[in-house]
There are 2 protein chains.
Amino acid sequence: MDDETARDQVVTAADRLFYAHGVHAVGMDAVRAEAQVSLKRIYSLFPSKDDLVVAVLHHRTEQWATGLEAAVRAAATPRDRLLAVFDFLDAWFREDDFRGCAFINSFGELGATSPAVAEAVRAQKAAFQEYVLGLVREEGLPDVVAAQLAILAEGAQTTAAISGDPAAAAQAREAAAVLVDAALARGEHASTV
Amino acid sequence: MDDETARDQVVTAADRLFYAHGVHAVGMDAVRAEAQVSLKRIYSLFPSKDDLVVAVLHHRTEQWATGLEAAVRAAATPRDRLLAVFDFLDAWFREDDFRGCAFINSFGELGATSPAVAEAVRAQKAAFQEYVLGLVREEGLPDVVAAQLAILAEGAQTTAAISGDPAAAAQAREAAAVLVDAALARGEHASTV
DNA sequence: TACAGTAGAGAACGATGGTTCTCCGTGCAA
DNA sequence: TTGCACGGAGAACCATCGTTCTCTACTGTA
């Protein structure tokens with residue numbers, strides 16, 4: 001097995017375990033067992049557990065971006081593309097192993113003690129906001145709407161995680177629709193005056 | 001020192017330490033040092049660290065409710081009372097030691113391993129939603145608005161915590177105002193038709 | 001003064017976990 | 001075949017931490 005596939009197996013296994021049980025609750029030996037890669041090899045690929053956590057977060061960042069972009073691309077109009085973000089959340093919340101946002105969870109667990117983890121989480125959230133901002137601008141809406149939609153998305157994630165009820169996605173979607181339409185109405189009003 | 005004040009000192013000290021550094025990062029010995037209460041005493045008051053964590057969360061729940069209710073009471077109109085929730089968040093986010101919502105952080109850290117902690121967090125969030133629901137009904141708005149406002153509040157908390165920027169409160173407040181006004185307009189429209 | 005009971009300081013204990021090390025088997029080169 | 005570099009399995013090491021225990025000091029009482 002070459003380094004690349006070993007690395008992949010370790011990251012995938014660690015992701016699964018960390019997400020399901022939390023980082024502290026999972027020992028490196030459990031990662032070794034799940035990944036079927038020796039501890040020696042793991043430590044040759046990742047200098048420390050902290051580095052592995054960061055690698056897992058980067059991996060999740062890519063996965064998330066890929067899935068989100070696919071969901072958005074499937075929508076027809078700019079307005080639907082904005083709301084597709086929340087449909088994407090809805091589908092995610094309904095998955096059996098949904099346990100909230102891995103980034104928010106990791107931040108709560110390690111943000112105070114690991115600057116590298118805190119930075120990885122910050123980067124992911126910033127990237128998401130940037131992505132939403134792009135969608136908002138396509139719609140010709142003011143930038144502030146992007147921040148509002150991002151806040152709705154974050155709130156839906158924590159609410160769904162803690163309450164265990166996926167309904168938060170639909171509620172956030174409805175709120176997003178109201179915000180978007182209100183901004184559209186204001187824009188049209190402004191342009192017609 | 002009687003049991004009650006000892007208990008208070010321990011909970012207050014543990015709250016400060018857990019919030020600042022996370023639960024795992026703080027040993028019971030650090031709690032003992034900060035609270036100036038012997039380990040023996042601590043363990044006679046709380047059977048385990050987990051029980052202490054739950055006690056801290058309950059303490060925070062009361063503190064939060066008290067502060068929020070005071071902020072809401074200071075507002076004049078029902079609409080202002082709804083928005084006062086976000087002004088309360090704004091003031092909180094600007095505090096020097098703000099490190100996000102302790103409940104969300106604790107859930108991320110321990111929710112997967114400690115049912116008692118998960119339940120305490122769930123209870124706090126449910127109580128908050130219930131409180132917002134009361135304010136929304138005072139305004140004569142449909143219940144769904146309460147869920148939307150609660151999601152905005154949660155999103156503002158995680159966004160402010162991760163980005164480190166208190167602006168999320170003002171952005172959420174603006175979104176809340178739009179949602180409330182839209183609901184009011186729909187209501188008036190419905191009653192005038 | 002002698003004593004019983006309590007509480008505190010801090011050592012001790014047992015478990016766990018991150019990280020490193022040792023030992024062994026394997027495959028490859030000459 | 002011999003020697004060697006490599007990788008794996010898992011023990012070992014060291015630190016930390018939750019929890020308990022021991023020993024000592026002190027308080028109030030007869």
Side-chain angles (χ1 to χ4, degrees), chain A residues 1-57 105-106 108-117 120, chain B residues 1-57 105-106 108-117 120:
Chain A
M1 192 198 321
D2 64 352
D3 278 3
E4 199 180 333
T5 60
R7 204 187 144 89
D8 239 47
Q9 273 179 243
V10 172
V11 168
T12 304
D15 186 25
R16 201 159 37 231
L17 293 173
F18 290 166
Y19 183 63
H21 308 108
V23 175
H24 266 119
V26 174
M28 292 299 280
D29 200 62
V31 174
R32 175 200 57 77
E34 177 91 0
Q36 309 225 64
V37 172
S38 74
L39 275 179
K40 201 178 189 178
R41 194 85 183 274
I42 294 178
Y43 274 94
S44 80
L45 293 166
F46 307 95
S48 73
K49 189 183 187 183
D50 214 58
D51 292 279
L52 175 57
V53 173
V54 170
V56 166
L57 291 177
N105 292 347
S106 300
E109 187 169 358
L110 301 169
T113 51
S114 167
V117 169
Chain B
M1 194 198 319
D2 64 353
D3 278 3
E4 199 180 331
T5 59
R7 204 187 144 89
D8 240 46
Q9 273 179 241
V10 172
V11 168
T12 304
D15 186 26
R16 200 160 36 229
L17 294 174
F18 290 166
Y19 182 63
H21 308 107
V23 175
H24 266 119
V26 174
M28 292 299 280
D29 200 61
V31 173
R32 174 201 57 75
E34 177 92 358
Q36 310 226 62
V37 173
S38 74
L39 276 178
K40 197 177 189 176
R41 194 87 181 272
I42 293 178
Y43 275 94
S44 80
L45 293 165
F46 307 95
S48 73
K49 190 183 186 182
D50 214 58
D51 293 278
L52 175 56
V53 173
V54 170
V56 165
L57 291 177
N105 292 347
S106 300
E109 186 169 359
L110 301 169
T113 53
S114 167
V117 168

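Sequence lines set the chain letters: A, B, ... in the order given, protein chains first and strands last, and positions in each chain run from 1. For the numbers below, each heavy atom of this structure counts, side chains included, while hydrogens, waters and symmetry mates do not.
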Peer 1: Keeping the roles fixed (side chain from A/D15, backbone from A/F18), state whether a donor-acceptor pair exists under 3.5 Å.
Peer 2: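 The answer is no, because no donor-acceptor pair under 3.5 Å joins these two groups.
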
Peer 1: Kindly give the heavy-atom pair with the smallest separation between B/L52 and B/V31, and that separation in Å.
Peer 2: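 Heavy atoms only, the tightest pair is CD2-CG1, 4.2 Å.
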
Peer 1: Just how large is the angle between the end axes of the helix from C/dT1-D/dA30 to C/dA30-D/dT1, five pairs per end, to 10 degrees?
Peer 2: 30°

Peer 1: I need the CG-C1' distance between A/D50 and C/dG17, as an integer number of Å.
Peer 2: 15 Å

Peer 1: What are the bounds, 5' to 3', of the part of DNA chain D that sits under 4.0 Å from heavy atoms of chain A?
Peer 2: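 Range of nucleotides within reach of chain A: D/dG7 to D/dA9.
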
Peer 1: Does the side chain of A/V23 come within less than 4.5 Å of A/K49's, by heavy atoms?
Peer 2: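 Of all side-chain heavy-atom pairs linking A/V23 with A/K49, at least one is under 4.5 Å.
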
Peer 1: Any N or O donor-acceptor pair under 3.5 Å from the base of C/dG8 to the side chain of B/K40?
Peer 2: yes

Peer 1: For a quick test of reading the model, state the closest non-hydrogen atom pair linking A/A55 to A/F46 and the distance between them.
Peer 2: CB-CE2, 3.6 Å

Peer 1: I need the CG-C1' distance between B/L39 and C/dT6, as an integer number of Å.
Peer 2: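 Rounded to the whole Å, the gap is 17 Å.
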
Peer 1: Considering non-hydrogen atoms only, spot the tightest contact between A/S106 and A/L57 and give its length.
Peer 2: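 Nearest pair, atom of A/S106 first, then A/L57: OG-CD2, 3.8 Å.
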
Peer 1: Any chance you could measure A/D51, atom CG, to A/S114, atom OG, to the nearest 0.5 Å?
Peer 2: 9.0 Å

Peer 1: Applying a 4.0 Å non-hydrogen cut-off, can you work out what A/V26 is touching in the nucleic acid: base, sugar-phosphate, or nothing?
Peer 2: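 Contact class for A/V26: sugar-phosphate only.
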
Peer 1: What is the distance from CG of A/L52 to C1' of C/dG17, rounded to the nearest Å?
Peer 2: 14 Å

Peer 1: Starting from P on C/dG17, measure out to CD1 on A/I42 and report it in whole angstrom.
Peer 2: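 Distance check: A/I42 CD1 to C/dG17 P gives 15 Å.
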
Peer 1: Please report the distance, rounded to the nearest Å, between CZ in A/R41 and P in C/dG18.
Peer 2: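 Distance check: A/R41 CZ to C/dG18 P gives 21 Å.
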
Peer 1: How far apart are the closest heavy atoms of A/A112 and B/A20, and which atoms are they?
Peer 2: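 For A/A112 and B/A20, the tightest heavy-atom pair comes out as CB-O, 3.6 Å.
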
Peer 1: Measure the CG-NZ distance between B/L45 and B/K40 for me, rounded to the nearest 0.5 Å.
Peer 2: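 The distance works out to 13.0 Å.
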
Peer 1: Describe the nucleic acid contact of A/V23 in one word from base, sugar-phosphate, nothing, applying a heavy-atom distance below 4.0 Å.
Peer 2: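 Contact class for A/V23: none.
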
Peer 1: Starting at CG of A/L110, measure out to CG of B/N105 and round the result to the nearest 0.5 Å.
Peer 2: 11.0 Å

Peer 1: Figure out the CE/C1' separation between B/M28 and C/dA9, and round it to whole Å.
Peer 2: 16 Å

